[in-house]
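Written below as structure tokens is the structure these notes are about.
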Number of protein chains: 2
Amino acid sequence: MESKNKEELLQKFSQLEQPLLDEILAQSTIRHLKEGDEALRTGQYIKSTVLLSKGLLKVYREDENGNEFLMYYLEPGNACALSMMCTARDEQSQIMVKAVDESEIILIPSHLSELWLAKYKSWHNFVIASYRQRFEELLQTLDSVAFKALDERLLFYLKRHVKVSGNEVKLSHQQIANELSSSREVISRLLKKLEQTGAITLHRNYIEVHDLDIV
Amino acid sequence: MESKNKEELLQKFSQLEQPLLDEILAQSTIRHLKEGDEALRTGQYIKSTVLLSKGLLKVYREDENGNEFLMYYLEPGNACALSMMCTARDEQSQIMVKAVDESEIILIPSHLSELWLAKYKSWHNFVIASYRQRFEELLQTLDSVAFKALDERLLFYLKRHVKVSGNEVKLSHQQIANELSSSREVISRLLKKLEQTGAITLHRNYIEVHDLDIV
DNA sequence: TCCCTTCTGTGACATCAGTCACTGTACTCC
DNA sequence: GGAGTACAGTGACTGATGTCACAGAAGGGA
């Protein structure tokens with residue numbers, strides 16, 4: 001790993017102790033993903049723990065008919081919790097992970113990540129914290145699917161998207177419909193209604209978000 | 001803790017190493033729950049890791065309007081993964097845990113459970129395995145809500161229930177409706193349809209399950 | 001510039017699920 | 001055994017969401 005990566009790593013994962021960061025730098029491999037590249041596919045065997053150093057990943061579920069829906073996003077400094085749990089047993093991934101923007105991921109061989117749990121307190125804490133965070137996000141997603149009508153789910157979705165990538169939501173209605181496991185026409189109508197409240201402005205291939213809390 | 005508990009504990013948690021079991025026996029407290037008693041409420045501060053030694057618990061989510069829906073069941077030998085994650089930070093519970101049958105739970109003070117992660121390899125493995133299992137079950141629940149119509153969700157629900165408590169499903173239609181976050185009438189109709197296929201027979205306050213795979 | 005593709009908007013309609021209103025049935029407690 | 005209560009069955013209606021069928025708008029490439 002080159003030295004410029006080192007500095008970036010230190011920044012993104014500053015909660016990890018120095019000797020651990022050194023090991024990561026020495027032992028892991030870097031992968032660059034273009035927008036739309038997959039970091040992990042459903043059914044794939046997991047051999048590494050995935051850390052995100054740059055970019056944005058989405059973690060989602062896909063059913064047998066190709067329907068998908070978004071679980072949550074991963075930002076730089078996050079780890080894919082599932083890839084940590086699968087550690088050491090060559091488990092198959094239950095999820096899809098895809099790059100939303102151009103991204104850079106750090107792949108740590110599973111046996112090392114396993115080893116470090118005992119060796120580095122900060123790694124152990126990081127893993128636990130990651131589990132917890134993801135579990136909570138998943139619960140929120142679950143809530144929104146189980147308890148909320150589609151208009152509220154759309155709001156929840158937009159808010160989350162704004163939080164990770166700003167007020168210009170660069171998505172087509174079709175993409176949004178996919179991630180909510182709905183259909184384009186319905187999303188179009190709901191977005192139109194939102195536009196009428198003044199919360200957003202619609203454009204081709206992107207949505208300008210003004211204020212989602214006024215709704 | 002009395003000695004008869006000790007033997008039971010050994011049985012249910014045989015994957016844990018002996019010195020750890022001794023510590024558990026010495027340091028934890030036992031609580032007996034009657035059917036319907038709550039082990040954990042949403043918003044409650046978590047001070048202990050919860051292990052289930054006898055009975056059956058259901059873990060579910062509740063929204064602000066009192067709607068609920070089932071996440072998964074815990075059987076003897078299982079632990080409440082959420083209560084492990086909240087460890088050491090006095091976090092609030094995001095979930096409800098309630099006894100389905102008369103149950104016995106083991107409460108381990110959070111600081112100990114935290115300590116043991118480093119001290120006992122088998123504890124560490126147990127915690128990781130618990131996270132993973134619960135995460136997977138949660139994903140399945142999520143799938144069923146997101147991708148399936150209510151009739152299939154009902155099937156999924158019944159199958160899961162049969163797995164943990166046998167072919168006599170002792171529940172009213174109302175209870176099932178609650179756990180699926182639906183309404184009694186709808187569940188009644190779907191059950192009636194199921195009965196017509198021969199998969200089940202309906203009785204007052206319980207459902208006799210013959211074969212859910214023929215549907 | 002012109003064609004072609006992709007994205008968006010919209011009406012009409014079908015379907016599933018939730019709600020209301022009511023009936024009937026089984027169990028329980030005096 | 002009678003009254004009261006919880007549970008179950010059913011028809012009618014409503015609303016939300018998904019589907020179909022188009023039409024129009026925006027952008028991209030030859």
Side-chain angles (χ1 to χ4, degrees), chain A residues 35-36 63-70 143-158 161 168-209 215, chain B residues 35-36 63-70 143-158 161 168-209 215:
Chain A
E35 185 186 327
D63 80 351
E64 58 277 9
N65 307 315
N67 301 314
E68 53 178 79
F69 87 81
L70 181 71
D143 274 5
S144 97
V145 182
F147 297 133
K148 310 288 189 189
L150 197 51
D151 52 352
E152 281 189 89
R153 288 178 55 206
L154 177 59
L155 266 181
F156 175 70
Y157 173 85
L158 287 177
H161 205 280
E168 304 270 287
V169 178
K170 291 191 183 52
L171 292 170
S172 70
H173 299 181
Q174 184 64 64
Q175 286 174 294
I176 297 175
N178 290 149
E179 304 208 325
L180 292 172
S181 209
S182 173
S183 73
R184 183 192 59 80
E185 296 93 321
V186 175
I187 298 299
S188 278
R189 278 180 204 131
L190 293 176
L191 285 172
K192 209 68 198 166
K193 265 203 270 181
L194 265 186
E195 187 176 39
Q196 280 157 15
T197 69
I200 60 175
T201 307
L202 298 177
H203 303 271
R204 186 188 172 85
N205 271 321
Y206 80 99
I207 298 167
E208 200 183 332
V209 175
V215 188
Chain B
E35 186 186 326
D63 80 350
E64 57 277 10
N65 307 315
N67 301 315
E68 53 179 80
F69 85 81
L70 182 70
D143 275 5
S144 99
V145 183
F147 297 133
K148 310 288 189 190
L150 196 51
D151 53 351
E152 281 189 271
R153 287 177 56 204
L154 178 59
L155 266 180
F156 175 70
Y157 174 84
L158 287 176
H161 205 279
E168 304 270 288
V169 178
K170 291 189 182 54
L171 293 169
S172 69
H173 298 183
Q174 185 64 64
Q175 286 174 294
I176 298 176
N178 289 149
E179 304 208 325
L180 292 173
S181 210
S182 173
S183 74
R184 182 191 61 79
E185 297 94 320
V186 174
I187 298 298
S188 278
R189 278 180 206 131
L190 292 176
L191 285 173
K192 208 70 199 164
K193 265 204 270 181
L194 264 187
E195 187 176 39
Q196 280 157 15
T197 68
I200 61 176
T201 306
L202 297 177
H203 303 273
R204 186 188 172 85
N205 270 322
Y206 80 99
I207 298 167
E208 199 184 332
V209 175
V215 188

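In what follows, every heavy atom counts, from backbone to side chain, and hydrogens, waters and symmetry copies are set aside. Fair warning: this is a prediction, and the values are worked out from it, not measured in the lab. Letters A, B, ... are given to chains in the order of the sequence lines, protein chains preceding strands, and every chain is numbered from 1.
Residue pairs satisfying the salt bridge (Lys or Arg N to Asp or Glu O under 4.0 Å) criterion with at least one member in residues 196-205 of chain A, sequence neighbours excluded, are absent. Each salt bridge (Lys or Arg N to Asp or Glu O under 4.0 Å) pair with one or both residues in residues 174-192 of chain A, not counting sequence neighbours, appears once here: Lys58(A)-Glu179(A), Lys192(A)-Glu195(A).
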**Item:** Annotated protein contacts, base or backbone, on nucleotides 20-30 of chain C with a non-hydrogen cut-off under 4.0 Å, one of B, S, - each
**Value:** BB---BBS---

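Base contact: Ser183(B) has a heavy atom under 4.0 Å from a base atom. At a threshold of 4.0 angstrom between heavy atoms, the contacts of Asp151(A) with the nucleic acid are absent.
For Ser188(A), the side-chain hydrogen bond (donor to acceptor under 3.5 Å, both in side chains) partners two or more places apart in sequence, or in a different chain, are His173(A). Applying the ring-ring contact (aromatic ring centres under 6.0 Å, His included) test to Phe156(B) and every residue at least two apart in sequence or in another chain returns nothing. Residues forming a side-chain hydrogen bond (donor to acceptor under 3.5 Å, both in side chains) with Glu168(A) (at least two apart in sequence, or on another chain): none. Residues satisfying the side-chain hydrogen bond (donor to acceptor under 3.5 Å, both in side chains) test with Ser183(A), not counting sequence neighbours, are none. Contacts of Glu35(B) classified as side chain to side chain contact (heavy atoms under 4.5 Å, CB included), with partners at least two apart in sequence or in another chain: none. Here Asn205(A) pairs with nothing under the side-chain hydrogen bond (donor to acceptor under 3.5 Å, both in side chains) rule; sequence neighbours left out.
Axis angle, first five pairs versus last five pairs of the helix from dT1(C)-dA30(D) to dC30(C)-dG1(D): 30°, rounded to 10°.
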Please tabulate, for the side chains in residues 144-155 of chain B, all donor-acceptor contacts under 3.5 angstrom to protein atoms that are two or more places apart in sequence or on a different chain.
{"from": "Ser144(B)", "atom 1": "OG", "to": "Thr141(B)", "atom 2": "O", "distance (Å)": "3.3"}
{"from": "Lys148(B)", "atom 1": "NZ", "to": "Glu64(A)", "atom 2": "OE2", "distance (Å)": "3.3"}
{"from": "Arg153(B)", "atom 1": "NH2", "to": "Leu180(B)", "atom 2": "O", "distance (Å)": "2.8"}

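Protein atom CG of Leu180(B) is 14 Å distant from nucleotide atom C1' of dG18(C), rounded to whole Å. Leu190(A) places its CG atom 13 Å from the P atom of dT10(C), with the value rounded to the nearest Å. Here dC16(C) presents its C1' atom at 13 Å from CD of Glu152(B), a figure rounded to the nearest Å. Atom pair Asn65(B):CG and dG18(C):P shows a separation of 15 Å (rounding to whole Å applied). Summarising the geometry, the separation between OH on Tyr206(A) and C1' on dT6(C) is reported as 17 Å, rounded to the nearest angstrom. In this structure, NZ of Lys148(B) is placed 18 Å from C1' of dA17(C), rounded to the nearest angstrom. For the pair Lys192(B) NZ and dA17(C) P, the interatomic distance rounds to 19 Å; values are reported in whole Å. The distance between atom CD1 of Ile176(A) and atom P of dG9(C), rounded to the nearest whole Å, is 11 Å.
A heavy-atom distance below 4.5 Å is not found between the side chains of Val169(B) and Ile200(B).
The aromatic rings of His203(A) and Tyr206(A) lie parallel to each other, with less than 30° between the two planes, well short of the 60° mark.
Mapping heavy-atom proximity under 4.0 Å, the span of DNA chain D touched by chain A runs 5' to 3' from dT17(D) to dG27(D).
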